[in-house]
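Report on the structure given below.
Chain letters run A, B, ... following the sequence lines, proteins first, then strands; residues in each count from 1. Note that this is a predicted model, so its numbers are computed, not measured.
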2 protein chains.
Amino acid sequence: MPTLLDISRKTGLSVATVSNTLNGRPGYSKATQLLVQRTAKELGYTANPLALGLLGKSTRTIGLLWSLGGPHSAEGMARDIALRMQHRGYVTHLTDSLSDPDVVGRQLADYRRRGVDAVVIQYESGVVTEEICRQLKGFSAAVAVGPVEPFDEIDWIHHDMPNGYRQAVNHLADSKRTRPALLVHAAVAVHKIKAFLEQCRELGMDVSDRSIINFPANGIHKQFASLCRQSLDERFSREFPFDSLICQCDELAAAAIAWLRERGVRVPEDVAVIGCNNAMLAESLWPPLASIERHDEKVADEIEKLVFSRLDDSDLPARRRNVQSQFIWRESAGKRLSPKTNVKLSGGL
Amino acid sequence: MPTLLDISRKTGLSVATVSNTLNGRPGYSKATQLLVQRTAKELGYTANPLALGLLGKSTRTIGLLWSLGGPHSAEGMARDIALRMQHRGYVTHLTDSLSDPDVVGRQLADYRRRGVDAVVIQYESGVVTEEICRQLKGFSAAVAVGPVEPFDEIDWIHHDMPNGYRQAVNHLADSKRTRPALLVHAAVAVHKIKAFLEQCRELGMDVSDRSIINFPANGIHKQFASLCRQSLDERFSREFPFDSLICQCDELAAAAIAWLRERGVRVPEDVAVIGCNNAMLAESLWPPLASIERHDEKVADEIEKLVFSRLDDSDLPARRRNVQSQFIWRESAGKRLSPKTNVKLSGGL
DNA sequence: CTGAAAGCGCTTACAG
DNA sequence: CTGAAAGCGCTTACAG
């Protein structure tokens with residue numbers, strides 16, 4: 001790998017001169033500038049990021065602190081972001097936060113030492129503590145992506161997943177469903193549970209704590225489907241007392257549909273089912289699976305914009321962006337009843 | 001962040017002494033060793049990877065050069081590997097190779113400059129050129145994961161995806177299917193196509209170039225399903241002339257099943273359908289979707305072992321590992337006929 | 001047993 | 001207009 005010293009020797013100029021002209025510092029003769037630039041190009045010179053980092057300058061590195069362990073896998077995003085960074089000449093560090101503040105704290109410290117320019121942290125509630133915010137502010141840029149506002153003045157993308165759940169509940173109410181249930185990993189889905197219950201109550205539906213079916217899964221894995229059936233079996237040995245079911249991911253929804261089918265329950269006639277994340281397979285299922293679109297590509301857009309605008313100008317005030325999830329209707333959710341037919345058909349459900 | 005100088009000042013010892021004892025170099029008094037170690041712990045000292053990298057030592061970094069753009073998304077792996085590396089105190093660079101040798105070459109050069117210790121490159125045929133092998137050998141460790149042997153002495157994991165396709169063909173032959181088709185992105189699936197055709201011919205099935213249905217998708221995206229229907233519509237306006245179909249991914253298989261169902265074709269009675277990658281949703285489909293399990297977790301296991309064993313001992317010879325994909329039977333593939341019933345039933349299919 | 005010196009590849013005052 | 005010098009945080013001969 002060619003260094004400044006190589007250019008210096010080849011041109012007969014000092015290393016300082018080479019560095020200065022290469023960085024566009026004024027006060028050098030046109031001839032020198034041209035000579036240096038030409039030689040640099042000839043040799044294929046690029047500044048060593050390690051050396052720059054040691055001096056506290058940019059290493060063209062961004063750190064992705066992702067909680068990949070959740071019940072859905074946000075991995076499409078990691079890829080998307082890495083590719084965007086790559087196009088801008090940046091390199092991406094990928095780390096799993098494991099949704100643990102201690103892990104996050106340690107990784108952030110490591111990122112600092114490595115001269116990472118910007119960090120993007122994706123979190124569930126409770127992870128971004130005050131101390132972690134302090135650490136985040138030590139980077140040239142930091143973007144928090146999550147459901148709750150960070151403690152401090154950090155650029156924040158509010159990924160509003162509950163919104164899609166509310167829309168889904170609206171649809172169920174429109175279809176005259178009255179006894180909805182929510183199938184989620186309760187430990188990490190507090191905001192979704194809250195949104196679900198609130199919206200149901202507002203619309204006069206019949207819900208209680210028993211409407212929340214806990215699915216005790218730590219992450220997605222191959223035994224997912226049988227685990228789902230098993231926990232449904234345990235809880236509902238006799239009959240399934242709900243007329244609609246929203247699930248935390250499409251995989252869960254598909255497993256639930258299979259389970260219902262085995263027991264002679266028709267979807268959507270007897271029970272409407274709605275998944276989440278809008279997996280590519282959803283529309284190919286039978287019945288096609290209604291879902292909630294995360295709009296991860298919008299999140300990625302905002303991340304890119306926030307990171308690079310701040311890297312350009314550190315004086316920017318803290319910014320907030322909002323990305324809302326969105327209910328996607330498909331047959332499994334049951335037809336929406338138009339206002340006119342409502343009266344006639346409502347008894348039939 | 002505490003530095004050696006901090007420890008030096010606090011203990012009154014020279015920076016060289018601190019460095020030497022911290023690195024366990026012999027010849028220092030017990031007292032000094034203890035003092036330095038205690039102080040280092042007190043201060044929470046860790047060596048700066050940037051400085052180490054500049055000296056050509058380990059930065060505890062590994063680079064993942066992934067071709068994420070293919071028709072299946074190998075993203076679960078990136079996460080898995082990143083997590084394993086993290087547990088060993090390493091940090092992971094994630095880069096998309098875009099299946100382009102130029103991109104790979106450039107990224108590899110960047111990795112070098114950044115002092116990356118090991119690189120894991122995942123490729124399709126044609127990407128790992130001789131020149132790229134040369135670059136790979138410049139790292140302390142390099143593992144190639146792909147369908148063809150690399151040119152040179154590089155640790156290689158042969159991820160044998162064609163194997164599962166061959167097993168799937170065997171199953172179809174056992175079930176007396178005679179006119180199989182393969183639905184793939186032909187440009188990148190050369191080895192799978194070859195294995196499919198060879199195995200079919202060996203078993204006396206009726207195949208030709210027309211048995212390969214090209215699906216012109218560059219990457220997985222939301223319009224996948226409708227794109228699939230569309231290309232099937234174009235090619236088979238009147239009737240579907242096959243009795244079985246293997247698809248390059250489960251998403252494609254599900255879309256094909258939906259398309260067949262719309263035209264009154266029964267799965268698996270009229271056409272057996274087999275997917276690939278064994279998505280979590282596969283077993284919850286109706287009929288449950290047969291698939292091909294990639295065994296990515298085994299690949300990840302081997303990657304971890306190969307990388308760290310070589311980092312431990314650079315004198316190891318180049319090693320080869322084999323991970324075979326595996327056909328997973330489910331209803332969509334149609335029942336296997338036992339040898340006895342074959343004779344009786346064979347006419348019925 | 002310990003430390004002064006040089007150097008990895010760069011940048012930044014500062015002197016000339 | 002240009003270059004010598006110091007320094008970022010570390011390691012490695014080498015001298016004492």
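Remark: P of C:dG3 and CG of B:Leu5 are 14 Å apart, rounded to the nearest angstrom. The separation between B:Arg9 atom CZ and D:dC10 atom P is 12 Å, rounded to whole Å. What separates CG of B:Leu43 from P of D:dC10 is a distance of 11 Å, to the nearest Å. Here D:dC10 presents its P atom at 11 Å from CE of B:Met1, a figure rounded to the nearest Å. As rounded to whole Å, 13 Å separates atom P of C:dC10 from atom CZ of B:Arg114. Protein atom CG of A:Asp6 is 13 Å distant from nucleotide atom C1' of C:dC10, rounded to whole Å. In this structure, the CG atom of A:Leu22 is 13 Å from the C1' atom of C:dG9, given to the nearest Å. Atom NZ of A:Lys57 and atom C1' of D:dG9 are 17 Å apart (whole Å).
Set against C:dG3, D:dG9, C:dC10, the side chain of B:Ser14 has C:dG3 as its closest nucleotide. Side-chain proximity of A:Tyr28 to the nucleotides D:dC10, C:dC8, D:dG3 is greatest for D:dG3. Proximity note for A:Leu4 (side chain, C-beta onward) versus D:dG3, C:dT2, C:dC10: the nearest is C:dC10.
A:Ser19 comes within contact range of at least one nucleobase, with a heavy-atom separation under 4.0 Å. If you check every strand for non-hydrogen atoms under 4.0 Å, B:Thr3 touches sugar and phosphate atoms only. Using a 4.0 Å heavy-atom cutoff across all strands shown, B:Ala47 reaches sugar-phosphate atoms only and no base atom. Here A:Asn20 lies in heavy-atom contact (under 4.0 Å) with a base. If you check every strand for non-hydrogen atoms under 4.0 Å, A:Leu13 touches sugar and phosphate atoms only. A:Leu55 comes within 4.0 angstrom of a nucleotide base, judged by non-hydrogen atoms across all strands.
At the phosphate of D:dT2, neither OP1 nor OP2 sits under 4.0 Å from any side-chain N or O atom of A:Thr17. Under 4.0 angstrom from either OP1 or OP2 of D:dT2 there lies at least one side-chain N or O belonging to A:Ser29.
Using a 4.5 Å cut-off on side-chain heavy atoms (C-beta onward), A:Tyr45 and A:Asp6 make no contact.
A salt bridge does not link B:Lys137 to B:Glu153: none of the charged side-chain nitrogens sits closer than 4.0 Å to a carboxylate oxygen. Contact check on A:Arg321 versus A:Asp155 returns no salt bridge, with no Lys/Arg side-chain nitrogen under 4.0 Å from an Asp/Glu carboxylate oxygen. A salt bridge is absent between A:Asp102 and A:Arg106: the closest approach of a Lys/Arg side-chain nitrogen to an acidic carboxylate oxygen does not fall below 4.0 angstrom.
The pairing partner recorded for D:dC1 is C:dG16, the criterion being a Watson-Crick or G-U wobble arrangement whose two distances lie under 3.5 angstrom.
In this pair, B:Phe308 and B:Tyr90 present their aromatic rings perpendicular. The plane angle is above 60°, beyond the 30 to 60° band.
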Inset, instruction - Step by step, work out the side-chain contact (heavy atoms from CB on, under 4.5 Å) result for A:Lys10 and A:Glu42. - result: CA-CA 11 Å; A:Lys10 195 143 189 205; A:Glu42 253 175 56; 3.2 Å; yes
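Straight-line distance between the P atoms of C:dA4 and D:dG7: roughly 15 Å, to the nearest whole Å.
Heavy-atom distances to DNA chain C give each of A:Val15 and B:Ala16 a nearest nucleotide, and the one nearer the 5′ end belongs to B:Ala16.
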